[in-house]
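Hydrogens, waters and symmetry mates play no part in the numbers below; they use all other heavy atoms, side chains included. Reminder, nothing fancy here: chain letters follow the sequence lines and each chain counts from 1. Bear in mind the structure is a predicted one, so any value in this text is a computation, not a measurement.
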2 protein chains.
Amino acid sequence: MKNPIADLNKIFDSRIRLGVMSMLVVNNEISFNDLKQMLELTDGNLASHLNTLEQAEFIKVHKGFIGRKTSTTYSITVLGKQAFKAHLDALEKMIKKL
Amino acid sequence: MKNPIADLNKIFDSRIRLGVMSMLVVNNEISFNDLKQMLELTDGNLASHLNTLEQAEFIKVHKGFIGRKTSTTYSITVLGKQAFKAHLDALEKMIKKL
DNA sequence: GAAAGTGCTTTGTTTTTCAAAGTTAATTAA
DNA sequence: TTAATTAACTTTGAAAAACAAAGCACTTTC
């Protein structure tokens with residue numbers, strides 16, 4: 001038998017990054033503010049997790065406007081989608097023995 | 001919409017504890033050594049994660065023998081099964097929108 | 001009787017997480 | 001026009017968690 005946790009992606013150990021990704025899988029663009037409110041996080045905390053995901057190239061940023069207000073939105077990348085799916089598959093395989 | 005990660009159990013953020021639990025769900029008794037080898041961990045690291053799970057009363061310990069050798073085995077508790085299931089349900093709900 | 005195995009505990013370092021406060025820039029209210 | 005607000009950060013620092021390595025008590029095997 002092989003190590004059941006070896007295929008889990010370390011980046012997704014964090015519930016917050018998991019939450020961000022799961023939200024971005026279904027919504028192709030979400031604002032910083034919406035993420036912050038949905039996940040109930042402080043600015044700094046969210047920003048640093050987003051940064052981790054960005055470094056990994058799992059998400060990308062778009063700086064734009066809503067009306068005349070600045071609005072930063074985030075979306076998932078192809079790589080991000082793949083990695084997230086792979087992680088979920090690994091999770092599923094791990095617990096599929098139920 | 002409500003916070004998608006609120007129902008995830010913090011104890012299962014750890015890949016290692018997740019791995020231990022998923023192994024104990026399908027095998028009703030696993031030895032310290034087997035867990036250590038399967039998950040590729042050092043003694044101290046495994047022991048401390050097992051301790052966390054034990055504190056939460058999600059697993060319990062049995063000190064016994066295999067032949068004449070000491071053997072410590074672990075099994076999941078009813079509470080542990082419930083908590084693990086609840087966590088998996090929360091995870092599933094979170095990503096079910098796929 | 002020396003070496004090795006089991007299952008820890010202790011110690012200390014590294015990594016991760018997080019909140020709080022400060023920052024920049026634009027925007028609206030007074 | 002100045003003050004206050006909002007958005008989206010960055011920086012700082014503290015607390016928590018993860019982890020490896022070493023030590024330890026006990027037993028067993030060589």
Side-chain angles (χ1 to χ4, degrees), chain A residues 3-6 8-24 27 29-56 58-75 83 87, chain B residues 3-6 8-24 27 29-56 58-75 83 87:
Chain A
N3 185 341
I5 65 179
L8 296 177
N9 192 323
K10 278 201 179 117
I11 288 187
F12 302 134
D13 278 3
S14 153
R15 69 211 283 98
I16 292 175
R17 293 193 293 268
L18 207 60
V20 169
M21 292 301 281
S22 79
M23 287 177 73
L24 286 180
N27 303 282
E29 260 195 350
I30 309 183
S31 71
F32 184 89
N33 240 337
D34 284 350
L35 285 170
K36 190 178 112 185
Q37 277 163 19
M38 284 285 304
L39 301 173
E40 301 173 54
L41 302 172
T42 56
D43 289 5
N45 194 10
L46 174 58
S48 73
H49 282 292
L50 289 174
N51 199 49
T52 299
L53 290 171
E54 220 187 318
Q55 294 287 102
F58 288 173
I59 64 173
K60 57 181 188 295
V61 196
H62 315 267
K63 277 154 201 292
F65 293 87
I66 291 182
R68 329 184 72 181
K69 266 192 191 165
T70 58
S71 167
T72 304
T73 61
Y74 297 86
S75 64
H87 180 79
Chain B
N3 186 340
I5 65 180
L8 296 177
N9 191 324
K10 278 202 177 115
I11 287 188
F12 303 133
D13 278 1
S14 153
R15 69 215 280 96
I16 291 174
R17 294 193 292 266
L18 208 59
V20 168
M21 292 301 279
S22 79
M23 288 178 72
L24 286 180
N27 304 280
E29 260 195 349
I30 309 183
S31 71
F32 184 90
N33 242 336
D34 284 350
L35 285 170
K36 189 179 113 185
Q37 278 164 22
M38 285 285 305
L39 301 174
E40 301 174 54
L41 302 172
T42 54
D43 289 8
N45 195 9
L46 174 57
S48 73
H49 282 293
L50 289 175
N51 199 49
T52 299
L53 290 172
E54 220 187 316
Q55 296 288 102
F58 288 174
I59 64 173
K60 57 180 187 293
V61 196
H62 315 267
K63 278 153 198 294
F65 292 88
I66 291 184
R68 329 185 71 184
K69 266 191 192 166
T70 58
S71 168
T72 305
T73 62
Y74 297 86
S75 65
H87 180 79

Next item on the list: Compare side-chain N and O positions of Thr70(B) against OP1 and OP2 of dG7(C) and report whether any pair is under 4.0 Å apart.
Entry: no

Margin query: Any base atoms under 4.0 Å from Leu46(B), or only sugar-phosphate, or nothing? Heavy atoms, all strands.
Written below: nothing

Note to self: Is the phosphate of dA7(D) approached by Lys63(A) (side-chain N or O, under 4.0 Å from OP1 or OP2)?
What the structure shows: no

Item checked: N/O (side chain, Thr72(A)) to phosphate O (OP1/OP2, dC9(D)) under 4.0 Å -> yes

Note to self: What contact category does Arg15(B) fall into here, base, sugar-phosphate, or nothing, at under 4.0 angstrom with non-hydrogen atoms?
What the structure shows: nothing

Checklist line | Inter-axis angle, terminal five-pair segments of the helix from dG1(C)-dC30(D) to dA30(C)-dT1(D) [nearest 10°] | finding: 0°

Item checked: Worked verdict on Leu18(A) versus His87(A) for side-chain contact (heavy atoms from CB on, under 4.5 Å) -> CA-CA 10 Å; Leu18(A) 207 60; His87(A) 180 79; 4.1 Å; yes

Margin query: Can you see if the side chain of Ser31(A) gets near the phosphate of dA7(D) - specifically, an N or O under 4.0 Å from OP1 or OP2?
Written below: no

Next item on the list: State whether Tyr74(A) places a side-chain N or O below 4.0 Å from either non-bridging phosphate oxygen (OP1 or OP2) of dC9(D).
Entry: yes

Check: What nucleotide among dA18(D), dC8(C), dC9(D) has an atom nearest to a side-chain atom of Phe32(A)?
Finding: dC9(D)

Next item on the list: May I ask you to verify if any side-chain N or O of Asn33(A) is less than 4.0 angstrom from the OP1 or OP2 atom of dT6(D)?
Entry: no

Note to self: So if I take every side-chain heavy atom of His49(A) and compare against dC18(C), dC9(D), dA18(D), which nucleotide ends up nearest?
What the structure shows: dC18(C)

Next item on the list: Looking only at side-chain atoms of Ala47(B), point me to the closest of dT9(C), dA8(D), dA20(D).
Entry: dT9(C)

